[in-house]
Amino acid sequence: MGLFDKKYCDVCGEKIGLLGNQKLEDGNLCKNCAKKLSPFFSERRSSTIDEIKQQQHRCTFIQM
């Protein structure tokens with residue numbers, strides 16, 4: 001892996017821009033997926049991909 005390798009969001013599969021990477025414990029998160037998280041969710045760095053997907057599902061359910 002080089003410094004400028006293309007990264008993809010492990011939640012939605014979109015390509016992540018140069019400054020848009022949000023690091024997870026076991027993957028990467030794009031800015032759009034990070035915006036869908038609750039503002040009270042502060043444990044992003046230590047969360048897994050599955051935990052992020054569950055948290056996003058809860059937020060979209062509440063917003064409906």
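Position 1 is the first residue of the sequence, and the numbers go up from there. Worth saying up front: this structure is predicted, and the values here are computed from it rather than measured.
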Which atom pair, heavy atoms only, marks the closest approach of K23 to R44? O-NH1, 2.7 Å

Side chain to side chain, C30 and Q22, heavy atoms closer than 4.5 Å: no

Can you tell me how far CG of L18 sits from NZ of K6, rounded to the nearest 0.5 angstrom? 12.5 Å

Heavy-atom closest pair (I49 atom, D26 atom, distance to 0.1 Å) is N-OD1, 3.0 Å

Is a side-chain N or O of D10 found less than 3.5 angstrom from the main chain of N28, in a donor-acceptor match? yes

If we only count heavy atoms from C-beta on, is the E25 to R45 side-chain gap below 4.5 Å? no

More than 12 foreign heavy atoms under 6.0 Å from NZ of K31: is that the case here? no

Would you sort out whether L29 and I52 count as a side chain to side chain contact (heavy atoms under 4.5 Å, CB included), showing the intermediate values? CA-CA 9 Å; L29 186 69; I52 295 293; 3.9 Å; yes

Which heavy atom of C9 sits nearest to which heavy atom of C12, and what is that distance? SG-N, 3.5 Å

Heavy-atom side-chain contact between K53 and V11 under 4.5 Å: yes

Please determine whether side chain to side chain contact (heavy atoms under 4.5 Å, CB included) holds for the pair T48 and L24, giving the CA-CA distance in whole Å, both sets of side-chain angles, and the decisive distance to 0.1 Å. CA-CA 6 Å; T48 64; L24 299 175; over 6 Å; no

Rounded at 0.5 Å granularity, tell me how far CD in Q55 sits from NZ in K36. 12.0 Å

Go through it in stages, so that I can follow the logic: the residues are S47 and F41, the test is side chain to side chain contact (heavy atoms under 4.5 Å, CB included), and I'd like the CA-CA distance, side-chain angles, deciding distance and then a yes or no. CA-CA 10 Å; S47 299; F41 187 71; 3.3 Å; yes

So, for E51 and S46, which heavy atoms are closest and what is the spacing to 0.1 Å? OE1-O, 4.2 Å

